[in-house]
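Data first, discussion second: the structure below is written as structure tokens.
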Amino acid sequence: MQKKYSEVKTLNLPEIDQSVLQLWEEQNTFHESIENRKDGKPFVFYEGPPSANGMPGIHHVMARTIKDIFCRYKTLKGFKVERKGGWDTHGLPVELGVEKTLGITKEDIGKKISIEEYNDTCRKEVMKYKDVWDDLTQKMGYWVDLDNPYITFENNYIESVWNLLKKLFEKDFLYKGYTIQPYSPAAGTGLSSHELNQPGTYRDVKDTSVTAQFKIKPTDHPISKGLASSSVDTFFIAWTTTPWTLPSNAALAVGNNIEYVLIETFNPYTFEAIRVILASDLVGKYFKPEGEEIELTDYKEGDKIIPWKRLETFSGKDLVGIEYEQLLPYVQPEKTAFRIIPGDFVSTEDGTGIVHIAPTFGADDQRVANEAGIPPIVVEDSTGAKLPLVNKQGKFVDEVTDFAGQYVKAEYEEAVDKDYKSIDVLIAIKLKEENRAFKVEKYEHSYPHCWRTDKPILYYPLDSWFVKTTAVKDKLVELNKTINWKPESTGTGRFGNWLENLVDWNLSRSRYWGIPLPIWVTEDRSELKCIGSVEELKSEVEKAIQSGVDQKPIADGFDLHRPYVDDVILVSSKGEKMYREPDLIDVWFDSGSMPYAQWHYPFENEEIFKNNFPADYIAEGVDQTRGWFFTLHAISVMLFDSVAYKNVIANGLVLDKNGNKMSKRLGNAVDPFETLSKYGADATRWYMISNAPPWDNLKFDIEGIKETQRKFFGTLFNTYSFFSLYANIDEFTFNEASIDIEKRPEIDRWVISQLNTLIQSVQDSMDDYDPTRGARAIQHFVIEHLSNWYVRLCRRRYWKGEYSDDKISAYQTLYECLITVAQLMSSVAPFFSEFLYQNLNGITQKLDAKSIHLTDFPEYKEGHVDKSLEERMQLAQDICYLVLSLRKKENIKVRQPLQKILVPVLDSQTQKQIEAVANLIKSEVNIKEIEFLTEDNGIIKKRIKPNFKALGSRMGSKMKQVAQAIISFTQDDIAQLEKDGTYKLNIEEEDIEIQIGDVEISSEDIPGWLVANLGSLTVALDINISDQLKQEGDARELVNKIQNLRKEKGFDVTDRILLDIEKSDLQQSILSFKDYISKEVLATSLNIEETVDVSDEVEVNDVKFKVKIQKA
RNA sequence: AGUCUCGUAGCUCAGUUGGUUAGAGCACUACACUGAUAAUGUAGGGGUCGGCGGUUCAAAUCCGCCCGAGACUACCA
């Protein structure tokens, strides 16, 4: 019994997913696809580790599809592509999640719950959704090795990271600094600049801003002497959007070259007479012009318009050194403060041109205060350590008596009632009452927020460890230029600019669940030790024990996390105790270390590491530019003097169909599992890839997946169904020798030519990391070339006639197209392509590979590409289009044969091209002959058009007139130009000669005929229908009706029938074409009867009669 | 606030180093086709190519300004 191609009635992609997954499982196909290439050149791919403590979203399907595509493609191309999976397990998201589930805050850790318990919980929580992730990975067809993933919390991983840190330490790339940094009180940790640069961190917020008055103190300063002696108090006014920093004010900064003015006026809240100093340029912002016209003495309390007078001007330089009274004297500085200092960043864009300086809460503030010798306003805690006036929870310290224990930002409160007044407001009120507020107003500005807690950050002085990335900036920039970025602008622009403005990488995190800093310090900080391996830790501990430190030796399997490492005490060269620096390292360092740590390099697998570094290819979302893309790059450049990856795709966001960000809160997030199970992985993947280039944002619309399913997969499936239906009937199993391409008919050679062109273009776009172009090319080929043209024109070859060479050629050609398309599309649509492969190759056994993913990428055969053939097929398609259009215009259906069409040809080449495809045209549009009209035998009306490209540069400004002249050529003018090859024009009394190449001449009309044009092509249709043609038309119409009847009655396509037809006006037509009809409908007998005893009635060209069909 | 990218039909997208009727698919309307049929064909409606100005014989394409969107940058007081 002959094996048959499976004939599936309807396309069910999710079902195919299921069966293919089962097949892969049974045959261990993913493993095989690597084993298969074990001698191949490695193509190195790095998996950016996801964090399994959150649910995957549809955007993960996008990102992972892009990763998967190139790994699969390179495998087909013969590369060995190992893909080690990984899990990112440390960091704030995990910790915050655990705090939430345990119902604790950061302060409780180490108190209500031990660090040990806490970290144990983190370890469990972090893999909470691992199963869900694994499920998605499998269902979407993402091939990655999940059996041996790297996990960042494992000791081996940590040890490798320690080793990297030690190398940085030895190269003097690690240092500790006390700096003002972004700090999230809610999360309890400082934030690195790339965390601060996560999307959405900067948000517009409305804050209470205060312009405060700082009263001048009489001193020996030449200017202040005079100012302070006035009977009216004189103030500097300075603006701030963070009034809570005013108790920490230590100085005021002015611009040396800015002009300031002394103005006499009244305080708008207390109505007291005052004199204020501010930048001249900003007077307009604080004073109404009308006020200058009013006498000061005319002012009455509460007047809308407050009068003011300019008294004197100064330059900023003159003001430097003037002292003022402390605004909110809660805490006294340790040395003299409260004076005017220069600030290079002071401008007259905002505020008053005088900047409030709080050295503990601003980076610039700290710097200029330092330079001017201004101390910060700090308090001492019980240990004598100096603290700012706001503690790490974001609350005022006790010394700020009025506001002690209050959060400085309203957002930090759990809940606020309607009477709640923020610190900013309270301070504003206090200053108003004390005649120290010149202006209070709401001010909208963008302010950074913590990416995890959504609460505003503070700029806060912190001790931190830094990586001196700025030391290798040039090299980072240099090597970045060798990376192939898709899209290029992300590499040069976003990433390149970032590198240009690099700051040192803040490595410290004051948290618990993460890789501990392996740095030990003596109490006086005179000696530092960085530990680079477990072995080293062991021997250092031994040393410590020998010198009398009471602790256990490091046992095998010692957990390198906190709190265990915290308890380890080492000894310095001088015998002093050394304690570990309490911070963890930034989790981004974890993931940036994966090229090394995933192999436990350098402790193991040195050879494997070397073969897998750097990566040939990585891909992640564009939001990783400052995250993983940067940390990979920075570590490899600093320690290995190399890029970490050679090619990188930064994909865009997945938005909802209206272009809004997806979020659970808005309810517009798409569930990836639902999408996959409803539409299948392939339709989802194909839609995502073909709709827009991956680096553009994708507006995700389910309708788009449906369309992909219907149009692309549906059409391809129909083509396969068509093939299997007839191949089964003819028992075609491709066991004949492959027919030489030269021996195949024109149409076969054409589609093979197109197929090879397609192979080349898919290969090019994939090599260029542009999957969208490739997918679109495949789609176009399948729908337009293969289905709508090749199969449509060739249908009869499959269902008619003997099993001849022509038929075999047709089967072989269609088979080759299907199998090749399946291979080309397999990296994007791994399931459906496998389905096709199994069904096709399962019968023919042409290829040995058990799976399409174990085959080689189709070979481009240049010899099979025939551009001239592709051109003339285009010509055939155009002519058919024109004829169908003409038929439509005349309302003559295609089933009615017509005698001929006329095609004017101006050169013999075109005629030859058309002649070669004449049969296709004739059968496609049902005409008997094509007649060519040349200039000799016909009257062709020609059309002439200027060739702008050729003429433009020569004609210049006369172009318009020349074009006009050419367009108005008569037929005689055109003939003359054709005869002589040149023609003289007279434009503005100047002779201009044009050549034949300066124009395009085409046929336009055949007088007396019905014509249609497309480009330079013209076709006329002979619409006369002779009796003979009419009869044939009747016959064809009847055939169609009988075919419908057969189908209705559920006959098999191969069933023979007995046909009885009722006598009617069409009797003559039927008899004339009796043989034709019988053959078409597979009738073994055809009889015309007076009456037919059935109710099946057909209508053929307005004539009704009964037809009886029965199986023979 | 600055920098970058983008803005083409109702929707999703093409658009060739600037060249004269700006395209495709979807959706819509009408008609056809029907042994591949959730497909297909023909015809139709639908565009000031974000706006204004400039360069040019010629601009969707190059330049400037403005408007809108997105991303990035920022201690901006």
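Every chain is numbered from 1 and lettered A, B, ... according to where its sequence line falls, protein lines coming before strand lines. Both backbone and side-chain heavy atoms feed into the values below; hydrogens, waters and symmetry mates do not.
Separating the C1' atom of B/A36 from that of B/G45 is a span of 31 Å, rounded to the nearest Å. Separation of the C1' atoms belonging to B/A69 and B/C75 is 28 Å when rounded to the nearest angstrom. Only the C1' atoms considered, B/U20 is 31 Å distant from B/C28, to the nearest whole Å. B/G47 and B/U37 have their P atoms separated by 38 Å, given to the nearest Å. Spacing between B/A22 and B/C49 at atom P, rounded to whole Å, works out to 10 Å. Comparing the same atom, P, in B/G18 and in B/U29 gives a spacing of 42 Å after rounding to whole Å. B/C6 sits 16 Å from B/U12 when the C1' atoms are compared, rounded to a whole Å. B/G68 and B/A58: their C1' atoms are spaced 29 Å apart (whole Å).
Taking CH2 of A/Trp485 as the reference point, atom OG1 of A/Thr490 lies at 7.0 Å (rounded to 0.5 Å). Distance check: A/Tyr726 OH to A/Leu814 CG gives 12.5 Å after rounding to the nearest 0.5 Å.
Checking the phosphate oxygens (OP1, OP2) of B/U42, no side-chain nitrogen or oxygen of A/Lys889 falls inside 4.0 Å. Taking side-chain N and O atoms only, A/Thr719 has no distance below 4.0 Å to OP1 or OP2 of B/A36. Considering only side-chain N and O atoms, A/Tyr881 lies under 4.0 angstrom from the phosphate OP1 or OP2 of B/A43. Close to B/A43, at under 4.0 Å from its OP1 or OP2, lies a side-chain N or O of A/Ser885.
In this structure, the nucleotide among B/A36, B/U73, B/A77 sitting nearest to the side chain of A/Phe722 is B/A36. Which of B/U40, B/C76, B/A77 sits closest to the side chain of A/Arg792 comes down to B/U40. The nucleotide whose nearest atom lies closest to any side-chain atom of A/Lys893 is, among B/C33, B/G41, B/A77, B/C33. For A/Asn718, the listed nucleotide lying nearest its side chain is B/U37; candidates were B/G35, B/U37, B/U40.
In this structure, A/Leu818 places its CG atom 15 Å from P of B/A36, rounding to the nearest Å. In this structure, the CH2 atom of A/Trp789 is 11 Å from the C1' atom of B/G41, given to the nearest Å. When rounded to the nearest whole Å, the span between OH of A/Tyr790 and P of B/A36 equals 15 Å. In this entry the distance linking CH2 of A/Trp498 with P of B/C4 reads 19 Å, nearest Å. Put simply, CZ on A/Phe723 is 15 Å from P on B/A36, counting in whole angstrom units. In this structure, A/His449 places its NE2 atom 15 Å from P of B/C75, rounding to the nearest Å. In this structure, A/Glu1037 places its CD atom 12 Å from P of B/G35, rounding to the nearest Å. If you measure from atom CG of A/Leu11 to atom C1' of B/A38, you get 10 Å, rounded to the nearest angstrom.
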*For every nucleotide of nucleotides 7-28 of chain B, 5' to 3': is a protein heavy atom under 4.0 Å from its base (B), only from its sugar-phosphate (S), or from neither (-)?*
-----SSS----BB----SSS-
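Among the heavy atoms of the strands lying under 4.0 Å from A/Trp239 is at least one base atom, whether or not backbone atoms are also near. Residue A/Ser209 is classed as having no contact, given no heavy-atom separation below 4.0 Å to the nucleic acid. Contact annotation for A/Val346: base contact, defined as any heavy-atom pair under 4.0 Å involving a base atom.
A salt bridge links A/Glu703 with A/Lys706: the distance from a Lys NZ or Arg NE/NH1/NH2 to an Asp or Glu carboxylate oxygen falls below 4.0 Å. Salt-bridge check for A/Asp1052 with A/Lys1111: failed, with every basic side-chain N at 4.0 Å or more from each acidic carboxylate O.
The residue among A/Ser787 and A/Gly351 whose nearest nucleotide of RNA chain B is located toward the 5' end is A/Ser787. Of the two residues contacting RNA chain B, namely A/Thr715 and A/Gly353, the nearest-nucleotide position lying further toward the 5' end is that of A/Thr715.
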*Could you write out RNA chain B as a dot-bracket string, with dots for unpaired bases, | for bases paired across to another strand, and Watson-Crick or G-U pairs counted at under 3.5 Å?*
(((((((..((((.....[...)))).(((((.......))))).....(((((..]....))))))))))))....
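Between A/Phe361 and A/Trp244, the ring planes lie perpendicular to each other; the angle is over 60°, past the 30° to 60° tilted range.
Judged as a salt bridge (Lys or Arg N to Asp or Glu O under 4.0 Å), and not counting sequence neighbours, the contacts of A/Lys1041 are A/Glu1037. Scanning for side chain to side chain contact (heavy atoms under 4.5 Å, CB included) contacts around A/Gln874 gives A/Gln877, A/Asp878, with sequence neighbours left out. Applying the salt bridge (Lys or Arg N to Asp or Glu O under 4.0 Å) test to A/Arg792 and every residue at least two apart in sequence or in another chain returns A/Glu924. Partners of A/His59 by side chain to side chain contact (heavy atoms under 4.5 Å, CB included), not counting sequence neighbours, listed by chain and number: A/Val654.
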*Worked verdict on A/Asp998 versus A/Lys949 for salt bridge (Lys or Arg N to Asp or Glu O under 4.0 Å)*: CA-CA 8 Å; A/Asp998 295 334; A/Lys949 227 169 188 168; over 6 Å; no
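The distance between the ring centers of A/Trp239 and A/Phe438 does not fall below 6.0 angstrom.
None of A/Tyr790, A/Phe723, A/Phe722 except one satisfies the ring-ring contact (aromatic ring centres under 6.0 Å, His included) rule with A/Tyr798; the exception is A/Phe722.
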